J.: 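First, the structure itself, so that you have it in front of you.
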Amino acid sequence: MKEKTFTVSDPYGLHARSASLIVQTIQSHKGDVWITVDGQSSPVANGKSIMDILILGATRGTKLKFRVEGEDEEKILSEVEALFLNNFNEDSRG
Amino acid sequence: MFKGIAASPGIAIGPAWIIEEQHREIPRRQIKPSETKQEVLRFRQALGKARQKFLSIKEKVAHSLGTKHSLLFDAYNLILEDEMLRGGTIKVIVQEQINAEAALEKVTDRILKAFSQVSDQYISKRGHDVVDVSRTIMSNLLGSEKQVWASTNTPSIIVAHNLTPADTIDIHKEKVVGFVTDVGGATSHTAILARSLGIPAVVGMKDITRRVATGDTLIVDGIRGIVIINPEQNVIDNYTNEKVKLEYENEQLAKLKDLPATTLDGRTIEVFANIELPSDVTVALNYGATGIGLFRTEYAYLDQDNLPGEEDLYHVYSLACKRMLPYSVVFRTLDLGIEKVDPRYMLTPERNPYMGLRGIRLCLANHELFKTQLKAILRAAVEGNASLMYPMIATVEEFRQAQEILEQVKEELRKDKVQFDENIQVGMMVETPAAALSSDVLARECAFFSIGTNDLVQYTMAVDRVNENVAYLYEPYHPAVLKMIRDVIRAGHHAGIPVSMCGEMAGDPALTKLLIGLGIDQISMNPHAVPTVKQHIREIKYEDAQTFADEILTITDIDEIRKRLNIK
């Protein structure tokens, strides 16, 4: 089991497009990912469910804790981290 | 003739195609245990059809608008396949023994309830995406697809109350020539997409869907924000001519994009664009603007129920700065009335908001509001080439007070060791007659002037241009207005500062020669006006323009001025 926390930096929070990139990344691996708002025990979002993630209501500045269990733990976290670091490629969009 | 908000430039003429809001009865019934399997199958088929639809839309969007816009449909398909929606609905069908439509409705409501519990206003609106997806599945279940205009053979003008992202994009470009909607603004989804598709659109028409029937002939004037229903033949002829001319010109003007706005005798005028969203930067650059002369900052304050924070603003501003590099961006600080930022004033609005607590007055009365924005601008300026200007200045004291606050903000940033642009240039809008008439004094205080003609004309003529009884008096060609502009430019140049103009007069090609002749240094306009104005500049001599301006300024009769400027 591995954990890592990332901060949402998009001014509009974690919206459908960014959430879908997270889900697609996580779905490409076998491991399970559980996401919570840092400091809260519930709700727990399944990283493979876009709806779960959207309902977390992550706004700009929200810290999200990703807990990975199973295969590819490091790989999943580093791929998710890349998404956050690049702000989900939002900056380059028109 | 009806007036709305010009959302995407161009002219469209064609039959209306009304997209009805669907208020269809959703059947609810108990099913027999033997029907369960069939009902689940029906639901799965409806789901599969929706998935196909989103995939094909995604492909179309990726093709016509680029992958960046198509990602939304990936999200739609994930929502569609999400256990919460798919599994949830199947579970309700099986456990409660109700039909698929009723089960889907129940589950959708449940999900929306979960969304509405998210406290953040913006995020809770995400429920809309779920509604879009659910509606698509529902119409598949109900059998009759939402009227698809793609089925018409004649290129049509889409008239709708509102268009969802899926609606807007699910189109055959060759079959849609215009958009008209009841709701929406210049920055609504419909508007942004229409602009990127290059389809004329007028939005915010209030109840146009009730005034138009499918098949009515419409003219959509996306330049002036006008829709004409069943026009006379001569009106159609006039617009057809304008349309043909426009299309030809656009082709010609596209060639101008990378050429400088230099007169025949070598004077270069900066032609800038007015925008309000970072995404408009691309539009501005595509039209060949070499800077943003007016970044309106009000959008962030209108869209949200809560006032935006420094980080929100910083993100938006720095994005605009970065995208515009190596060109510059001029941020105009908040130009809103008190009613827009303090809900208490919605109940007892000011009697005369345009002469009330707005623009710089509001900011000077509300330091926190002002400081938050100034900090964001100062920080964003590090990312690019930015300057700022204050709106609505009427006295030199206001400018000094604003500058004092700016210094305080800088001090606070220094203390917090936050990076910012120490040497940001600060200018002001000249849009009150008071400022215009004391421009010689003001020019000694600021780094540049930007003449805001819309307000300057209104305040000079003492006319509310929206008031139909007096709108005829909104007269940009009035000698009083022209004299003021001349004097502001002179005062600026006398003090050695550049003078720019934003507002409608700046983008009016009929005025280009006059403005150049008066010595304007920069003109900033709606992006789509840039090529035409640039072309005009390239065809004149500065020397001739000066003589021309001198002549115009001696004329005392408005009609004579209009005649000389070739204005109908």
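Lettering of chains follows the sequences in order, A, B, ..., and the numbering in each one begins at 1. Predicted, not measured: the structure shown is a model, and the values here were computed from it.
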J.: Mind running side chain to side chain contact (heavy atoms under 4.5 Å, CB included) on A/Gln24 and B/Leu78 for me, showing each step along the way?
T.: CA-CA 9 Å; A/Gln24 285 166 340; B/Leu78 284 173; 4.1 Å; yes
J.: What part of B/Glu311 gets closer than 4.5 Å to chain A, counting heavy atoms only: side chain, backbone, both or neither?
T.: both
J.: Counting only heavy atoms not in B/Lys371, do more than 12 sit closer than 6.0 Å to its NZ atom?
T.: yes
J.: For A/Ile55 and B/Met84: C-alpha separation, side-chain torsions, deciding distance, then whether side chain to side chain contact (heavy atoms under 4.5 Å, CB included) applies.
T.: CA-CA 11 Å; A/Ile55 288 172; B/Met84 212 180 283; 4.0 Å; yes
J.: Can you say whether A/Asp52 sits under 4.5 Å from chain B via the side chain, the backbone, both, or neither, judging by heavy atoms?
T.: both
J.: From B/Arg86 CZ over to A/Met51 CE, what is the distance, rounded to the nearest 0.5 angstrom?
T.: 11.0 Å
J.: Looking only at the side chains, is there a donor atom on one of A/Ser49 and B/Asp82 sitting less than 3.5 Å from an acceptor on the other?
T.: yes
J.: Provide the closest heavy-atom pair for A/Ala16 versus B/Ala75 in the form atom of the first, atom of the second, distance.
T.: O-CB, 3.5 Å
J.: Contact part of B/Leu313 toward chain A, heavy-atom cut-off under 4.5 Å: side chain, backbone, both or neither?
T.: neither
J.: Can you confirm whether more than 12 heavy atoms, excluding those of B/Lys106, are under 6.0 Å from its NZ atom?
T.: no
J.: With a sphere of 6.0 Å drawn around CD of A/Glu81, does it hold more than 12 non-hydrogen atoms of other residues, nucleotides or ligands?
T.: yes
J.: Could you go through the side chain to side chain contact (heavy atoms under 4.5 Å, CB included) check for B/His315 and A/Arg60 one step at a time?
T.: CA-CA 10 Å; B/His315 184 83; A/Arg60 187 192 179 99; 3.4 Å; yes
